Amino acid sequence: MLKLASWNVNSLKIRLDQVIQWLDSTGTDILALQETKLLDEHFPVTAFVEKGYYVVFSGQKTYNGVAIISRYPFSDVLTAIPDFEDPQRRILAVTVAGIRLINLYVPNGSELTSEKYQYKLNWLQRVTSFIQQQMTIYPNVAVVGDFNIAPEDRDVHDPAEWIGSVLVSPAEREAFTQLLQLGLHDSFRNFIQNEQAFSWWDYRAGAFRRNRGLRIDHILLNEALNTLCKQSIIDKEPRKAERPSDHAPVWVELDFKVS
DNA sequence: ATGGTGGTCTTACCA
């Protein structure tokens with residue numbers, strides 16, 4: 001069994017101890033991180049290596065930043081979408097344990113009238129083409145991360161309240177559907193889940209306590225991996241900690257023999 | 001209740 005996870009940590013500097021402890025306590029094999037907010041020269045390599053993990057990262061100062069922590073080594077690392085100029089560090093693609101793993105920190109989009117929203121839609125279009133190309137090359141593909149899209153109304157605590165907002169707009173949901181149409185599966189929906197299951201809660205107004213959240217962190221699997229998926233879980237426990245990330249980690253268990 | 005919190009080489013911006 002292979003445990004593959006994704007977590008937007010909202011600053012790895014602040015959350016390092018929580019991440020290490022979560023890795024230890026869950027026995028996670030591969031963890032994709034988003035919003036590390038660290039320059040590469042500041043990445044805490046030693047903290048992971050001394051625990052027996054390999055690390056790969058693509059960061060920048062203050063914003064964005066992605067990384068992958070793994071018990072297995074990496075090859076064929078990409079830190080940008082080919083032929084797409086983008087100063088923001090939001091993608092990390094690696095081959096690890098026989099899986100092509102694509103870790104995404106999709107732009108938030110700010111608001112529908114914002115230039116950032118156009119950037120988000122354009123970025124999603126570019127990344128979708130890239131993933132389509134990757135799926136022709138690699139037999140086992142997992143696309144994970146903070147998608148900043150709640151795919152359906154059941155992924156939103158109060159759909160009426162969110163109409164007209166980013167994370168739920170029709171164009172964003174269409175972009176998510178386009179990803180699924182490449183042959184990817186939203187692993188969470190392989191299984192019967194509790195209602196009101198979310199992966200992100202605003203820090204403000206007691207949103208977590210009141211479970212006013214959205215499900216915007218996803219693990220998408222191609223057909224070959226999806227048939228091996230035995231569980232897909234949102235772990236709310238770390239969100240209850242002191243000084244938590246605003247996101248919960250999500251993970252899947254794959255009945256997958258590492259070759 | 002249109003507020004509120006948290007992160008960052010902060011006092012503005014992002015989420």
Side-chain angles (χ1 to χ4, degrees), chain A residues 6-22 31-45 47 57-67 86-92 103-124 127 144-151 155-169 171-173 175-176 198-218 234-250:
Chain A
S6 173
W7 193 1
N8 178 325
V9 288
N10 185 22
S11 167
L12 183 57
K13 185 180 177 183
I14 294 290
R15 234 66 70 187
L16 179 60
D17 290 348
Q18 290 183 42
V19 170
I20 300 249
Q21 208 223 320
W22 188 80
L31 172 60
L33 299 174
Q34 304 85 37
E35 282 206 272
T36 55
K37 300 186 174 181
L38 287 172
L39 283 169
D40 289 348
E41 55 260 46
H42 296 149
F43 196 91
V45 174
F57 40 83
S58 175
Q60 66 183 87
K61 195 171 73 171
T62 308
Y63 302 117
N64 309 314
V66 282
D86 186 7
Q88 303 190 27
R89 306 287 87 193
R90 295 182 174 276
I91 183 166
L92 188 54
N103 177 16
L104 305 181
Y105 176 44
V106 176
N108 171 282
S110 188
E111 47 188 289
L112 300 197
T113 54
S114 164
E115 278 183 21
K116 295 194 185 82
Y117 181 70
Q118 290 307 317
Y119 166 70
K120 177 180 195 171
L121 295 179
N122 184 45
W123 195 94
L124 283 163
V127 88
V144 312
D146 176 0
F147 287 70
N148 271 317
I149 301 171
D155 301 311
V156 179
H157 66 87
D158 184 345
E161 185 180 313
W162 277 82
I163 289 172
S165 301
V166 288
L167 315 188
V168 305
S169 74
E172 291 163 84
R173 286 178 166 175
F176 190 84
F198 309 123
S199 68
W200 168 82
W201 303 260
D202 199 297
Y203 283 120
R204 296 168 289 186
F208 182 65
R209 181 176 50 79
R210 299 154 69 197
N211 198 30
R212 291 170 56 83
L214 274 67
R215 191 176 71 91
I216 58 177
D217 300 270
H218 308 298
I234 300 170
D235 184 359
K236 285 175 74 170
E237 285 306 309
R239 188 62 178 79
K240 301 172 184 170
E242 269 191 62
R243 290 193 94 178
S245 169
D246 46 351
H247 294 252
V250 297

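Given the structure is predicted, the values throughout are model-derived calculations rather than measurements. Quick note on labels: first sequence line is chain A, next is B, and so on, each numbered from 1.
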Checklist line | Pairwise distance OG(A:Ser199) to CG(A:Asp235) - rounded to 0.5 angstrom | finding: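 A:Ser199 atom OG to A:Asp235 atom CG measures 12.0 Å (nearest 0.5 Å).
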
Could you give the distance separating [M] and [N] at their [atom1] atoms, to the nearest angstrom?
N: B:dT11; M: B:dG6; atom1: C1'; result: 15 Å
N: B:dA15; M: B:dC9; atom1: P; result: 15 Å
N: B:dC14; M: B:dT10; atom1: P; result: 15 Å
N: B:dA1; M: B:dG7; atom1: C1'; result: 26 Å

Next item on the list: Identify whether any heavy atom of A:Arg212 sits under 4.0 Å from a base atom; if not, whether one sits that close to sugar-phosphate; answer base, sugar-phosphate or nothing.
Entry: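 Contact class for A:Arg212: none.
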
Check: With sugar-phosphate meaning primed atoms plus P, OP1 and OP2, does A:Phe208 contact a base, only sugar-phosphate, or nothing at under 4.0 Å between heavy atoms?
Finding: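 Result for A:Phe208 = nothing.
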
Partners passing side-chain hydrogen bond (donor to acceptor under 3.5 Å, both in side chains) against [X] (at least two apart in sequence or in another chain):
X: A:Tyr63; result: none
X: A:Glu161; result: A:Arg212
X: A:Arg89; result: none
X: A:Gln118; result: none

Item checked: Pair assignment for DNA chain B - dot-bracket with | for other-strand partners, Watson-Crick or G-U under 3.5 Å -> ....((((...))))

Main chain of [Y], side chain of [X]: is a donor-acceptor contact present, judged purely on distance under 3.5 Å?
X: A:Asn103; Y: A:Ala67; value: yes
X: A:Trp200; Y: A:Asp217; value: no
X: A:Lys120; Y: A:Asn148; value: yes

Margin query: Can you work out whether A:Arg204 or A:Asp146 has the more 5'-proximal nearest nucleotide on DNA chain B?
Written below: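 Looking at the nearest nucleotide for each, A:Arg204 comes out on the 5' side.
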
Check: If you pin A:His42 and A:Asn8 to their nearest nucleotides in DNA chain B, which one's is more 5'?
Finding: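 It is A:His42, whose closest nucleotide lies nearer the 5' terminus.
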
Next item on the list: Would you check if there is a donor-acceptor pair between the side chains of A:Ser169 and A:Glu172 at a distance under 3.5 Å?
Entry: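 Yes, side-chain donor-acceptor contact under 3.5 Å.
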
Item checked: Bounds of contact between DNA chain B and chain A, in 5' to 3' order, using a heavy-atom cut-off under 4.0 Å ->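 Range of nucleotides touched by chain A: B:dG4 to B:dA15.
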
